[in-house]
Protein chains: 2
Amino acid sequence: MGKAYNVMAATCPSRTVLHRIGARWTVFVVNALEDGPRRFTELKAHIQGITPKVLTETLRTLEQDGLVTRTSYDEQPPRVDYELTGLGRSLLLPLRAVRQWAEEHVPDIEAARAAYGPEDASAGATVGP
Amino acid sequence: MGKAYNVMAATCPSRTVLHRIGARWTVFVVNALEDGPRRFTELKAHIQGITPKVLTETLRTLEQDGLVTRTSYDEQPPRVDYELTGLGRSLLLPLRAVRQWAEEHVPDIEAARAAYGPEDASAGATVGP
DNA sequence: CATCTCAGTTCCTTTGAAGATACCGGTATC
DNA sequence: GATACCGGTATCTTCAAAGGAACTGAGATG
């Protein structure tokens with residue numbers, strides 16, 4: 001049998017999956033869980049700028065998709081742990097690479113942006129025959 | 001020296017980079033260019049469901065960021081090639097992995113979704129002391 | 001002359017995800 | 001009694017990004 005799923009096909013369910021992975025905060029949350037279980041407040045502090053609403057939403061989605069488990073302990077003050085599942089850890093591998101790429105290539109991208117535009121628009125990069 | 005950039009910091013420029021990578025169609029376009037140069041119409045046909053407007057926007061952004069080059073040949077009918085730069089090819093590695101992950105784990109995610117909800121909401125996954 | 005192709009552009013509408021802000025109940029501590 | 005901690009909700013607003021549909025120009029083709 002060949003490939004079962006192909007993201008290039010308009011109606012392939014893998015597109016939905018890709019959409020989830022690409023959601024604004026998924027990369028952050030998954031990466032933040034790389035070293036083991038973390039509490040809600042820890043995550044919120046670690047992922048600077050995320051609002052509790054969005055963090056909750058993201059975690060719920062990840063939980064639904066089987067990437068994260070939520071465990072709440074009956075202590076005082078309350079404690080809730082989030083942890084990557086096996087599936088979540090398998091996604092961590094690509095997403096950590098993406099994160100690292102972003103961190104490593106900031107200068108390259110900034111340089112490219114700065115260099116863009118100066119290029120002559122009329123002659124352009126046009127190649128004549 | 002330590003890490004220069006950290007996506008977890010609120011104002012880190014790597015966040016902008018991550019945002020670009022995470023844009024709806026970036027994964028598709030970068031993956032579609034994995035085997036070498038492609039023309040606009042080829043890309044449009046290959047990435048099913050993408051509109052010309054969005055494809056243009058995505059390509060322009062990738063070009064600005066130095067991930068893709070655009071070469072237009074003065075032929076008839078017009079020909080324009082898009083190709084990954086070295087930087088673009090370095091991004092292809094993580095993004096191909098993301099794509100593959102999405103294609104491979106559709107069943108896992110569908111299963112997790114189906115299994116979600118049935119779990120008792122009152123007792124929940126709560127762990128008592 | 002009519003039609004096709006390529007590589008887009010233009011205009012308008014929509015929408016869904018994200019942001020801001022405020023609030024909640026229970027506990028324990030000052 | 002006031003305040004702080006924890007893990008969230010609730011509500012409202014916003015807005016960038018995506019979608020849809022039609023259109024362009026210049027030359028090739030029938």
Side-chain angles (χ1 to χ4, degrees), chain A residues 10-11 15-16 18-29 32-33 37-65 68-83 121 124-129, chain B residues 10-11 15-16 18-29 32-33 37-65 68-83 121 124-129:
Chain A
T11 61
R15 288 222 168 158
T16 314
L18 214 44
H19 191 210
R20 292 294 180 92
I21 298 175
R24 184 79 131 222
W25 294 100
T26 301
V27 188
F28 296 89
V29 172
L33 291 172
R38 288 223 182 217
R39 310 176 57 165
F40 186 87
T41 321
E42 285 176 334
L43 289 171
K44 193 160 84 64
H46 187 68
I47 308 170
Q48 287 175 33
I50 196 170
T51 63
K53 193 200 99 183
V54 170
L55 180 54
T56 304
E57 284 170 1
T58 307
L59 286 167
R60 290 281 185 283
T61 303
L62 292 173
E63 201 193 344
Q64 261 191 45
D65 289 352
V68 156
T69 52
R70 177 186 185 277
T71 315
S72 108
Y73 301 90
D74 255 343
E75 298 175 359
Q76 211 49 241
R79 188 157 75 90
V80 177
D81 273 2
Y82 292 92
E83 187 171 13
T126 299
V127 175
Chain B
T11 60
R15 287 221 170 160
T16 314
L18 215 44
H19 189 209
R20 291 296 181 91
I21 298 175
R24 184 78 128 226
W25 294 100
T26 301
V27 189
F28 295 90
V29 173
L33 291 172
R38 289 223 183 217
R39 311 176 57 167
F40 187 86
T41 321
E42 285 177 335
L43 289 170
K44 195 161 84 62
H46 187 68
I47 307 168
Q48 288 175 33
I50 196 171
T51 64
K53 194 201 100 184
V54 170
L55 180 55
T56 304
E57 283 170 3
T58 307
L59 286 167
R60 289 283 185 281
T61 304
L62 292 174
E63 200 193 344
Q64 259 192 47
D65 290 352
V68 156
T69 52
R70 177 184 185 280
T71 313
S72 107
Y73 301 89
D74 254 344
E75 299 176 359
Q76 212 48 241
R79 188 156 77 89
V80 177
D81 273 4
Y82 292 94
E83 186 171 14
T126 299
V127 175

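Just so it is clear: chains get the letters A, B, ... in the order the sequence lines come, proteins before strands, and each one is counted from 1. What you see is a predicted model; the values in this text were computed from it and never measured.
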K.L.:
dA16(D) C1' sits how many Å from Arg15(B) CZ, rounded?
P.N.:
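Those two atoms, CZ and C1', are 18 Å apart.
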
K.L.:
Is there a donor-acceptor pair under 3.5 Å between the side chain of Thr26(A) and the backbone N or O of Arg20(A)?
P.N.:
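Checking the backbone N and O of Arg20(A) against the side chain of Thr26(A), a donor-acceptor pair under 3.5 Å is found.
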
K.L.:
To the nearest 0.5 Å, what is the distance between OG1 (Thr41(B)) and CZ (Arg79(B))?
P.N.:
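The OG1 atom of Thr41(B) sits 11.5 Å away from the CZ atom of Arg79(B).
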
K.L.:
Please list, chain by chain and in numerical order, all residues satisfying salt bridge (charged side-chain N to carboxylate O under 4.0 Å, His left out) with Glu57(A), sequence neighbours excluded.
P.N.:
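Glu57(A) satisfies salt bridge (charged side-chain N to carboxylate O under 4.0 Å, His left out) with Lys53(A) once adjacent residues are dropped.
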
K.L.:
What is the distance, rounded to the nearest whole Å, between atom CD of Glu75(B) and atom P of dG8(C)?
P.N.:
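Nearest whole value for this atom pair: 14 Å.
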
K.L.:
Please report, rounded to the nearest Å, how far the P atom of dT5(C) is from the CZ atom of Arg39(B).
P.N.:
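That distance rounds to 13 Å.
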
K.L.:
Hey, is the side chain of Tyr73(B) poking within less than 4.0 Å of OP1 or OP2 on dA7(C), counting only N and O atoms?
P.N.:
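So the side-chain polar atoms of Tyr73(B) never come under 4.0 Å of the phosphate oxygens OP1 or OP2 of dA7(C).
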
K.L.:
Output yes when at least one side-chain N/O atom of Arg70(B) is less than 4.0 Å from OP1 or OP2 of dG8(C), else no.
P.N.:
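Result: yes.
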
K.L.:
Output the rounded distance in Å from CD1 (Ile47(B)) to P (dG8(C)).
P.N.:
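Spelled out: CD1 on Ile47(B) to P on dG8(C) is 14 Å.
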
K.L.:
According to salt bridge (charged side-chain N to carboxylate O under 4.0 Å, His left out), who are the partners of Arg38(B), at least two apart in sequence or on a separate chain?
P.N.:
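For Arg38(B), no residue satisfies salt bridge (charged side-chain N to carboxylate O under 4.0 Å, His left out) once neighbours in sequence are set aside.
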
K.L.:
Assess whether side-chain contact (heavy atoms from CB on, under 4.5 Å) is satisfied between Ile50(A) and Phe28(A), documenting all intermediate values.
P.N.:
CA-CA 10 Å; Ile50(A) 196 170; Phe28(A) 296 89; over 6 Å; no

K.L.:
Spell out protein contact along nucleotides 12-30 of chain C as letters: B when the base is contacted, S when just the sugar-phosphate is, - when no protein heavy atom is under 4.0 Å; keep the 5' to 3' order.
P.N.:
------BBB------S---

K.L.:
Is Arg20(B) close enough to dA16(D) that one of its side-chain N or O atoms is under 4.0 Å from OP1 or OP2 there?
P.N.:
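Checking dA16(D) against Arg20(B), no side-chain N or O comes under 4.0 Å of OP1 or OP2.
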
K.L.:
Can you tell me how far the OG1 atom of Thr58(A) sits from the OH atom of Tyr82(A), to the nearest 0.5 Å?
P.N.:
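So the gap between those two atoms works out to 10.5 Å.
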
